[in-house]
Amino acid sequence: MLLIMIDLEDLRARPDAYQKAAKDKGLKIDVKKFLKLDKERKDLLGKVESGRAEKNAVSKKIPTMKGKEKETTLEEMRTLSISLKEQDAKLSEIEEEWEMTQLELPTIPLDSVPIGKDETENREVRKWGDLPKFNTSSGFSASFKIKDHVKLGEDLDIIDIPRGVKLAGARSYFLKGDGARLEMAVLQFALDHLYKKGWTQFTPPYMASWECLMGTGFFPGAEEQTYAVGAEEKRGSGVEADDLYLIGTSEVSVASYHKDEVLKEEDLPTRYAGYSPCFRREAGTYGKDTKGLYRIHQFQKIEQVVLCKADQEEGLKLFEEIRTNAEEVLQSLNLPYRIIDVCTGDMGKGKVFMQDIETWMPSRNSYGETHSCSYLGDFQARRLNIKYEDKDGNKQFVHTLNNTCIASPRILIPLLEIYQQEDGTVTIPDVLRPYMGGQAVIG
RNA sequence: GGAGGGAUGGCUGAGUGGUCGAAAGCGCACGACUCGAAAUCGUGUAGACCCCUACGGGUCUCGAGGGUUCGAAUCCCUCUCCCUCCGCCA
């Protein structure tokens, strides 16, 4: 099955725009070289196809032939067959590279996206909420001794990192008692928030195939970041690996829900809320964010996944919608946050527009990423082969978007640290109390 | 884990080497009939890629990959998935 992951016509029409996008996103892609390969493929394909056409035509006539004519024709056909096979092999070789290169090609970001090489060039858009009073520019200094979430968790016996590490190695943890209950409460609160707005809740598979990881754009690229299941057992001779992978976000499963389907326009946009544990190897992050629950191998997340019409205006409207949903959750919890325009170098090859939400974390004395909102145009839809039929009966690729609604335990960092009291207890935010049997305090 | 059966177009389902990208039925679209509708009749109805201004033409696809053959839905090998029965089990 031939994979076409990009709008080839568009690429052929304006290669410079793609080359610029690649450069801005920091990708080592030579668009000219790809186009050369593309042409090579096309030329050879033409040859191979006309060869096959001839073969097919003659083959059709063979049953009507007799005697010597038949003998010589068969002999000729045997020779033709062999040379066709050689050409086929060469074509496959070219197509393999052609497909692999396509997988690396970027989408073109919106003009409004800041151009920059990494996260240091992301741009703050706006802030919401007042920073907690006990926090000053020098970090913790207040009328009482402030604790970070690790100390709070330890003292309250609601987070147990040492035992997590004992069982499963670095970046593992237990939530315990009210800590575990608080996590469930905040997750359930976020789910209900979406449910009230008509969103459809999903508990998806937590394992997904290579096609899903590739289709959502995580592969190639994030292999090192992904846990594979059954990797040692390669079977078959297909090009696709048939391992399963633990998902790093339910976006992988939920966006793949309609893989290879043609949807009806009136069914769009879909508003899907995926709940799942998320697994990340965090390879290559040794020494980074080693303390506490910020960067860990396993967490839980409610993710918003939207499929919509191939219309940028509508896409951006939905982008606002899903970002607002997340903001509303943070506002209900009264957690200060800011919105960040993610720059080209930090956004990933498939993204067209991306904003992060960062929530204030006293122990870091800074905002820390808690949400990531993305508009991917038809990037995922092409890879996943998800189309819709518009009013005129034309089939088009959908556009996809996604945003975190809430991710835990990272959100527990601001939650515990900001709501801590002088007596060492933690006040439970009003909106979460119904989910904890009316409980008001952890202490 | 043991034993069998299966995978064909939107669906049901025929097809065991060429006349098959594929019967028939259903569904759907258009047309005729009708005041209108139902029924009936007629016509059409997979996708991807390539060539072409267009008309049109070509290649590939019958779960996936490979093989045999001039020629494969059909024969051979490997894999995947689904179903039924038995066992086990949250």
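Just so it is clear, the structure is predicted and the values come from calculations on it, not from any experiment. Just so you know, these numbers use all the heavy atoms, side chains as well, and skip hydrogens, waters and symmetry mates. Below, chain A is the first sequence line, B the second, and so on; all start at residue 1.
With sequence neighbours excluded, the residues satisfying salt bridge (charged side-chain N to carboxylate O under 4.0 Å, His left out) with Glu327(A) are Arg126(A), Arg323(A). Annotation: salt bridge (charged side-chain N to carboxylate O under 4.0 Å, His left out) contacts of Asp43(A) (sequence neighbours excluded): Lys39(A). Residues meeting the salt bridge (charged side-chain N to carboxylate O under 4.0 Å, His left out) test with Lys151(A), sequence neighbours left out: Asp155(A). With sequence neighbours excluded, no residue forms a ring-ring contact (aromatic ring centres under 6.0 Å, His included) with Tyr275(A). Annotation: salt bridge (charged side-chain N to carboxylate O under 4.0 Å, His left out) contacts of Lys20(A) (sequence neighbours excluded): Asp24(A).
As the counterpart of A3(B), U84(B) is assigned, both hydrogen-bonding distances of the Watson-Crick or G-U wobble pattern falling under 3.5 Å. Base pairing of G44(B): its partner is C28(B), meeting the Watson-Crick or G-U wobble criterion (both donor-acceptor distances under 3.5 Å). Under the Watson-Crick and G-U wobble criteria, each requiring two contacts below 3.5 Å, nucleotide U74(B) is left unpaired. Base pairing of C62(B) is not made with any nucleotide, judged by Watson-Crick or G-U wobble geometry with both donor-acceptor distances under 3.5 Å. Shown here, A90(B) forms no base pair; nothing in the strands shown gives a Watson-Crick or G-U wobble contact with both key distances under 3.5 Å. In this entry C52(B) has no Watson-Crick or G-U wobble partner, no candidate having both defining distances under 3.5 Å. Judged by Watson-Crick or G-U wobble contacts below 3.5 Å, the nucleotide U16(B) has no partner.
Each of Lys387(A) and Val48(A) lies near RNA chain B, and the nucleotide nearest Lys387(A) is the one positioned closer to the 5' end. Map Gly46(A) and Met77(A) each onto its nearest nucleotide of RNA chain B; the residue landing nearer the 5' end is Gly46(A).
If you measure from atom CD of Glu389(A) to atom P of U45(B), you get 16 Å, rounded to the nearest angstrom. Regarding Asp260(A), its CG atom lies at a distance of 17 Å from the P atom of C81(B), rounded to whole Å. A straight line from CG of Leu91(A) to P of C60(B) spans 12 Å, rounded to a whole angstrom. If you measure from atom CD of Glu99(A) to atom P of A48(B), you get 17 Å, rounded to the nearest angstrom. Rounded to whole angstrom, the span from the CD atom of Gln396(A) across to the P atom of A48(B) amounts to 13 Å. Atoms CZ (Arg41(A)) and C1' (C51(B)) sit 13 Å apart, rounded to a whole Å. When rounded to the nearest whole Å, the span between NZ of Lys68(A) and C1' of C70(B) equals 19 Å. Taking atom CD of residue Glu75(A) and atom P of nucleotide C70(B), one finds them 9 Å apart after rounding to whole Å.
Taking the P atoms as reference points, U80(B) lies 47 Å from U43(B), given to the whole Å. A7(B) and G13(B) have their C1' atoms separated by 13 Å, given to the nearest Å. The P atoms of C76(B) and A24(B) are separated by 29 Å, rounded to the nearest whole Å. A distance of about 11 Å separates the P atoms of A37(B) and A32(B), rounded to the whole Å. For G63(B) and G9(B), the C1' atoms lie 14 Å apart once the distance is rounded to whole Å. Taking atom C1' in both A72(B) and G66(B), one finds a spacing of 14 Å when rounded to whole Å. C86(B) and U19(B) are spaced 45 Å apart, taking the P atom of each and rounding to whole Å. As rounded to the nearest Å, C62(B) and A73(B) have P atoms that lie 7 Å from one another.
For the pair Lys85(A) and Asp88(A), the salt-bridge criterion is not met [side-chain N within less than 4.0 Å of a carboxylate O]. For the pair Lys301(A) and Glu303(A), the salt-bridge criterion is met [side-chain N within less than 4.0 Å of a carboxylate O].
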Show each protein N/O and nucleotides 18-23 of chain B N/O combination with a separation under 3.5 Å, one pair to a line.
from   : atom 1 : to       : atom 2 : distance (Å)
G18(B) : N2     : Ser59(A) : O      : 2.8

Which protein N or O atoms sit under 3.5 Å from an N or O of nucleotides 55-57 of chain B?
none

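A salt bridge (Lys or Arg N to Asp or Glu O under 4.0 Å) check over residues 197-210 of chain A, counting only residues at least two apart or in different chains, returns the pairs Lys197(A)-Glu328(A).
Which of U59(B), C50(B), C70(B) sits closest to the side chain of Arg52(A) comes down to U59(B). When each of C51(B), A48(B), C49(B) is scored by its nearest atom to the side-chain atoms of Leu45(A), the top-ranked nucleotide is C49(B). The Lys85(A) side chain lies nearest to U68(B) when the options are G47(B), U68(B), C60(B). You'll find that the side chain of Lys42(A) is closest to C51(B), out of G71(B), C51(B), U59(B).
As judged by a 4.0 angstrom heavy-atom cut-off over every strand, Lys61(A) is placed among residues making no nucleic acid contact.
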Without placing hydrogens or testing angles, list every side-chain donor-acceptor pair under 3.5 Å for residues 162-179 of chain A, not counting sequence neighbours.
from      : atom 1 : to        : atom 2 : distance (Å)
Arg163(A) : NH1    : Asp160(A) : OD2    : 2.7
Arg171(A) : NH1    : Lys288(A) : O      : 3.4
Arg171(A) : NH1    : Asp289(A) : O      : 3.3
Arg171(A) : NH1    : Arg295(A) : O      : 3.1
Arg171(A) : NH2    : Thr285(A) : O      : 2.8
Arg171(A) : NH2    : Thr285(A) : OG1    : 3.3
Arg171(A) : NH2    : Lys288(A) : O      : 3.1
Ser172(A) : OG     : Ala168(A) : O      : 3.4
Ser172(A) : OG     : Gly169(A) : O      : 3.1
Tyr173(A) : OH     : Gln298(A) : O      : 2.6
Lys176(A) : NZ     : Asp157(A) : OD1    : 3.2
Lys176(A) : NZ     : Asp157(A) : OD2    : 3.0
Asp178(A) : OD1    : Arg181(A) : NH1    : 3.0
Asp178(A) : OD2    : Gln439(A) : NE2    : 2.9

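The shortest distance between the side-chain N/O atoms of Arg382(A) and the OP1/OP2 oxygens of A48(B) is not below 4.0 Å. For the pair Asn56(A) and U59(B), the criterion of a side-chain N or O lying under 4.0 Å from OP1 or OP2 is met. Between G47(B) and Lys395(A), a contact under 4.0 Å exists linking OP1 or OP2 to a side-chain N or O.
Ring geometry for Phe34(A) versus Trp98(A): interplanar angle under 30°, hence parallel rather than tilted (30 to 60°).
Under the 6.0 Å cut-off for aromatic ring centres, Tyr245(A) and Phe219(A) qualify, their centroids lying closer than that.
Between Gly424(A) and Lys147(A), the shortest heavy-atom contact is CA-NZ, 4.2 Å.
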